[in-house]
Amino acid sequence: IHRDKNVLLSDGNRVVDFYGMKALLNRFLEDPEAAKRTIEKAGQAAVEKLERERAKAQVKPAVPWVTIGIILLNIIIYIICTFTGDLLYNVGELNLQRVLVHAEWYRVITSVFLHLNTRHIVNNMLTLYLLGSVLEITMGKWKYLICYLTTGVAASVVSLLAKWIEGTDVSSIGASGAIFGLLGMFLVMEIASIDFKKITFRRIYRIFLPILCVLLGVYGDVMDASVDHEAHIGGLIAGIVIQIIRLYIFPRKDKGGKA
């Protein structure tokens with residue numbers, strides 16, 4: 001530092017630019033307070049710019065609109081059923097004779113949207129949201145919707161097959177078969193992403209909580225003879241198979257970044 005000229009010098013008594021910083025350094029020597037304010041202002045501007053960029057980069061929380069739509073549709077249909085009596089049940093319930101003899105195959109899907117009573121629909125819709133919201137956000141809405149309907153149909157077909165083998169003709173309704181399909185898909189997805197060398201209690205809890213909720217919701221009354229166990233097994237197996245095919249045979253990146 002040249003005391004008389006108050007400038008920065010290098011060896012040889014020559015003024016140097018210091019890679020473009022000479023003016024700023026000289027200003028600091030001449031008026032330290034003004035230089036400090038300039039630096040603080042520049043720093044604040046940089047922080048504000050970084051915050052704006054960070055805010056733009058933030059992704060808005062995903063909303064499981066398809067899951068919400070399915071739940072609302074089930075609720076609306078149930079409300080209609082309360083005012084129309086057995087009308088929709090007679091038209092849409094899963095019945096072996098109506099499907100095989102009268103070829104009313106549409107019942108394999110319409111029965112998934114019918115529920116017997118308030119407890120039935122509340123339990124099913126809670127578990128549907130628990131599992132469906134996770135899968136929809138991970139998979140994307142259209143893949144999720146197709147998988148939901150497919151597991152529901154698979155559950156109905158297995159239920160019909162079991163009734164045909166047993167020689168029974170008991171009608172059944174409810175979304176629990178499709179929900180068990182979602183459970184199967186969820187389990188495969190979670191197990192496939194586990195690093196068993198770093199597994200934690202929190203990860204185990206994340207896997208078994210949905211299982212517990214589904215079992216409590218569907219089998220809260222374990223002695224209820226109206227529970228269609230075959231549909232649940234069929235939906236569960238269908239969900240497992242579909243997710244294995246998606247992850248290992250035809251792997252593609254989902255909306256959430258996972259295959």
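Note that the structure is predicted; figures quoted are calculated from it, not measured.
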Any donor-acceptor pair under 3.5 Å linking the side chain of E136 with the backbone of V66?
yes

Suppose we screen for side chain to side chain contact (heavy atoms under 4.5 Å, CB included). Which residues come up paired with [X], at least two apart in sequence or across chains?
X    : answer
I245 : V241, I249, F250
I242 : C147, T150, T151, M185, R246
L126 : V122
E104 : R98, H102, Y106, R107

Taking side-chain hydrogen bond (donor to acceptor under 3.5 Å, both in side chains) as the definition, give me every residue that meets it alongside [X], ordered by chain and number, with sequence neighbours left out.
X    : result
N95  : S171
Y78  : T118
Y144 : T67

Summary of ring pair (Phe, Tyr, Trp, His ring centres under 6.0 Å) pairs that have at least one residue in residues 108-139, sequence neighbours excluded:
H115-H120

Under the salt bridge (Lys or Arg N to Asp or Glu O under 4.0 Å) definition, can you give me all pairs with a residue in [range], not counting sequence neighbours?
range            : value
residues 66-94   : none
residues 152-175 : K163-D228
residues 177-188 : none

Would you call R119 and N123 a side-chain contact if the rule is heavy atoms closer than 4.5 Å?
yes

What pair of heavy atoms forms the shortest contact from I71 to L128, and how long is it?
CG1-CD2, 3.7 Å

On a heavy-atom basis, which atom in S111 and which in S172 lie closest, and how many Å separate them?
CB-O, 3.8 Å

Out of curiosity, does L116 fall in the hydrophobic cluster containing V91 (side-chain heavy atoms, cut-off under 4.5 Å, transitive links)?
no

